[in-house]
Amino acid sequence: MTVVVARAPGRVNLIGEHTDTTGGLVLPMAVDRDTVVRLEPGGRVLRLTSVDEPEPVRLDLADPAEPSTVRPAWGRYVAAVAAVVGARVGGRGRVRTDIPIGAGLSSSAALEVAVALALGFEGTTLELARACQEAEQLASGVPCGIMDQLASAAGVDGHALLIDCRSLEVEPVPVPDDLQVVVVDSGQRRTLDTSAYAVRRSEFETAERAVGALRGATAADVARIDDPLLRRRARHVTSENERVRAAVDALRAGDHRGLGGLLFESHRSLRDDAEVSTPVLDDLVDALSRVPGVHGARLVGAGFGGCCVALTEPGVTLDLGTESWVVRPSAGASIAAAPPPGHPPEVL
Ligand code: GLA
């Protein structure tokens, strides 16, 4: 009996938000929380149970359903991955995760990447990320960028990843041990529906029709945009790309306060120019800014609720009445055969 064990981590983005869809710069890191799919491959039907979900998923790969119609809802991600990677062999398996679901740590990207590997995906890390990005779009209807899936697939232990979403080059940047990364749950569950994210993406694209690619645009180009709303959107993207470069310099120089200042600036830009924040997230960042030992904080991920990321001195605990998780930069996805017979089985 062959059993494969595929694992894929969640991610947190240090800086570079709402830039990936216009070929911009992002600086995420894979985290030490992951999703594991343990599968015994065989047959044309895929049966998965999940420790965290009451209902199992059953997919007939010989007669695939439209992924967005699959029930239970978590099965949509599985079905979309199976469709995109053209899976022909199913099997029986189990999923478990310690990534908080729906909190902004890319639990869905981790599920997609782990399922793709378990289903035998063969290709480069970038091809894996692209396939899973396509699956996310199919399953959720959200026209997401590539950041989440690429961070999960390509993570490097102890490093953040500078990803150029135009060339898709990935450059690992060490995260020093004396910089603590904390994900702070706002408690506000995403009001992100498919439209809020899609509307932002189309606004960025409309701005690009006025001034050309935002990735190459200057502040003077942006100032030429007549429509004030589109000008704000473009200003967010161009300034955020600059902040990512500055953040990499600060990380390399060990300038934690400078780096933290860039996170606060990023939040202001996400609030005022991209307009993807909420009063709850703004209050949380404000509260974080007053905690001793916090270098910087901002909303993380798509926004409209979810989490903030804070950079702090080591050992700082954030007692703000919401849940928070210290995360470590970790390795990306992997696949292995299960332990041989006689070896204590992994508990899932
Ligand atoms: C979501 C998307 C990403 C990215 C972020 C915002 O997480 O999946 O592609 O656009 O929002 O930076």
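Counting starts at 1 for both ligands and their atoms, in listed order. Reckoned from all heavy atoms, side chains included, excluding hydrogens, waters and symmetry mates. Because the structure is a prediction, the values reported are computed rather than measured.
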Engineer: Verify the distance criterion only: is there a donor paired with an acceptor across the side chains of R94 and T49 at less than 3.5 Å?
Structural biologist: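 The criterion, which ignores hydrogens and geometry beyond distance, is satisfied for T49 and R94.
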
Engineer: Side chains of L39 and R92, heavy atoms from C-beta outward: is any pair under 4.5 Å?
Structural biologist: no

Engineer: Quick one: side chain to side chain donor-acceptor pair (under 3.5 Å) partners of D221, sequence neighbours excluded?
Structural biologist: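 Partners of D221 under the side chain to side chain donor-acceptor pair (under 3.5 Å) test: T218, R224.
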
Engineer: Under a 4.0 Å heavy-atom cut-off, which residues neighbour ligand 1?
Structural biologist: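 Within 4.0 Å of ligand 1, protein side: R11, E17, H18, D20, C144, G145, M147, D148, Y197, G301, A302.
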
Engineer: With side chains defined as the heavy atoms from C-beta onward, is the minimum distance between L259 and L179 less than 4.5 Å?
Structural biologist: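 The answer is yes; the side chains approach within 4.5 Å.
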
Engineer: What orientation do Y197 and H18 show, parallel under 30°, tilted 30 to 60°, or perpendicular over 60°?
Structural biologist: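 The arrangement is tilted - the two ring planes meet at 30° to 60°.
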
Engineer: Hey, does R243 have a side-chain heavy atom less than 4.5 Å from the side chain of S269?
Structural biologist: yes

